[in-house]
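First the structure, in the form of structure tokens, and then the observations on it.
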Number of protein chains: 2
Amino acid sequence: MIEVSDREFEVLEAIWEGAPVTANEVVSRLNKKSAWHDKTVKTLLGRLVKKGAITFQREGRSYLYSPCLAREEYVQKQSAGLVERLFDGKIGDFVAGFATTKKLKHSDIKELKAFIDKWEKEND
Amino acid sequence: MIEVSDREFEVLEAIWEGAPVTANEVVSRLNKKSAWHDKTVKTLLGRLVKKGAITFQREGRSYLYSPCLAREEYVQKQSAGLVERLFDGKIGDFVAGFATTKKLKHSDIKELKAFIDKWEKEND
DNA sequence: ATTTACAGATTACACCTGTAATCAAACTTG
DNA sequence: CAAGTTTGATTACAGGTGTAATCTGTAAAT
């Protein structure tokens, strides 16, 4: 898969918020969370284009950027990779390990149960 | 937390297999999976020491390396970080997302249920 | 004692990252 | 049309990464 760095990922997130989008809008979105220098963002946009993670269409003097892969797709690959690397692919181990540090809430358990019910209905 | 690179992590895994351990034994363990040049491994060991991820005691002419943090600890922090970054901390979303690509097996579901039972017993 | 071997330390080097500044082309404004 | 502005492109530069080769000190062998 295309490898994006930490900072590049943050830029990607901003693009996933809504595309196509101008560089300036990306800068604005990012600055809602923390301070980004616009030159830095432009550089990262360029690198993402070069890596094939995003594309653009010229719109007058500027560009409109769009992601080349859906957030879900990216996120799922990252998840699968981590479970594979760290838990030998066993999601149960992941959840158990996760729960030893991050205290789960009742709502988390409820979500898990809902997921299991759904899975069992679909897979009798 | 201490940041270790991908390759450094693989070396760490070899050390976690059993420590304290000599550089040569680390090389051997790594070569069971894929080819590693011993010079490269030595470099990575040095970098891990410098980062404080591992330590060593001199043993005659060579060193015996040991990890400075437990695998569980490292793995849990990585897990928590990923769930936080990609799923806003919601583990249910993580599992649901994970299941859309990696087909879960009955054994996975069984593990999840066992985990939930345990959790519910502990948290009435 | 001199040579040899081996371990870790130092050096190498290209590519990636984070963080921008500068350049150049086009667009706007006077 | 000339000057300033805006946008992406190019350049910069230090520190990290992958992948080793070379240096250096000491231990083993002759």
Side-chain angles (χ1 to χ4, degrees), chain A residues 1-15 19-68 74 78 81-82 85, chain B residues 1-15 19-68 74 78 81-82 85:
Chain A
M1 184 177 34
I2 296 164
E3 286 289 341
V4 308
S5 74
D6 289 359
R7 296 301 261 177
E8 285 164 1
F9 173 72
E10 294 185 66
V11 172
L12 246 187
E13 287 274 46
I15 295 174
V21 59
T22 64
N24 281 335
E25 173 60 17
V26 171
V27 173
S28 299
R29 289 179 188 171
L30 288 167
N31 278 314
K32 278 186 289 188
K33 289 280 174 184
S34 60
W36 288 72
H37 197 294
D38 79 319
K39 295 295 186 185
T40 301
V41 177
K42 303 286 183 72
T43 297
L44 294 174
L45 285 169
R47 289 182 184 169
L48 284 168
V49 168
K50 186 193 276 187
K51 287 185 177 183
I54 63 178
T55 17
F56 62 85
Q57 303 93 51
R58 188 168 260 106
E59 202 271 338
R61 57 213 151 290
S62 60
Y63 291 174
L64 287 179
Y65 296 92
S66 303
C68 288
Y74 176 86
Q78 293 294 311
L82 181 131
R85 269 197 319 285
Chain B
M1 187 174 36
I2 296 164
E3 286 289 343
V4 308
S5 76
D6 288 358
R7 297 301 260 176
E8 285 163 1
F9 174 71
E10 294 184 65
V11 173
L12 245 187
E13 288 273 44
I15 296 172
V21 59
T22 64
N24 282 334
E25 172 60 18
V26 171
V27 173
S28 299
R29 288 179 188 172
L30 288 168
N31 278 314
K32 279 186 291 189
K33 288 281 173 183
S34 61
W36 288 72
H37 199 294
D38 78 319
K39 295 296 187 185
T40 301
V41 177
K42 303 287 184 70
T43 296
L44 293 173
L45 285 169
R47 289 181 183 168
L48 284 167
V49 168
K50 187 193 271 186
K51 287 185 177 184
I54 63 179
T55 17
F56 62 86
Q57 302 94 52
R58 187 169 260 106
E59 203 272 337
R61 57 217 151 286
S62 60
Y63 291 174
L64 287 179
Y65 297 92
S66 303
C68 288
Y74 176 85
Q78 293 294 311
L82 181 132
R85 269 197 319 286

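Letters A, B, ... mirror the listed sequences (proteins, then strands); counts begin at 1. Because the structure is a prediction, the values reported are computed rather than measured.
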Original post:
How would you label the contact of A:K50 with the nucleic acid (heavy atoms, under 4.0 Å): base, sugar-phosphate, or nothing?
Top reply: nothing
**OP:** Would you classify A:S62 as touching base, sugar-phosphate or nothing, given that sugar-phosphate means primed atoms plus P, OP1 and OP2, and contacts are heavy atoms under 4.0 Å?
**Re:** sugar-phosphate
Look at the side chain of [X] and decide which nucleotide, out of [options], has an atom nearest to it.
X     : options               : value
A:Y63 : D:dA9, D:dT22, C:dG18 : D:dA9
A:N24 : D:dT7, D:dT19, C:dT19 : D:dT7
B:R47 : C:dT17, D:dT17, D:dG8 : D:dT17
B:R61 : D:dT19, C:dA7, C:dG18 : C:dA7
B:T43 : D:dA20, C:dG8, D:dT7  : D:dA20
A:H37 : D:dG8, C:dA21, D:dC23 : C:dA21

Rounded to whole angstrom units, what separation is found between the [atom1] atom of [X] and the [atom2] atom of [N]?
X     : N      : atom1 : atom2 : value
B:E59 : C:dA7  : CD    : P     : 12 Å
A:K39 : C:dT17 : NZ    : P     : 22 Å
A:W36 : C:dG18 : CH2   : P     : 8 Å
B:L48 : D:dT19 : CG    : C1'   : 15 Å
A:E3  : C:dC15 : CD    : P     : 18 Å
B:L44 : D:dT19 : CG    : P     : 8 Å
A:E10 : C:dG18 : CD    : C1'   : 11 Å
A:K42 : C:dT22 : NZ    : C1'   : 13 Å

Original post:
Are any non-hydrogen side-chain atoms of B:R29 and B:V21 less than 4.5 angstrom apart?
Top reply: yes
Subject >> Cationic N near anionic O, under 4.0 Å, A:E8 to A:K51 >> reply: yes
**OP:** Tell me, with the steps shown, if A:L82 and B:Q78 meet side-chain contact (heavy atoms from CB on, under 4.5 Å).
**Re:** CA-CA 8 Å; A:L82 181 131; B:Q78 293 294 311; 4.3 Å; yes
Subject >> Considering all heavy atoms, the nearest B:A19-B:P67 contact >> reply: CB-CD, 3.5 Å
**OP:** Grab the two heavy atoms, one from B:A53 and one from B:V4, that are nearest each other, plus how far apart they are.
**Re:** CB-CG1, 4.2 Å
Original post:
Starting at the 5' end of DNA chain C, which residue's closest nucleotide do you reach first, A:G60 or A:S5?
Top reply: A:S5
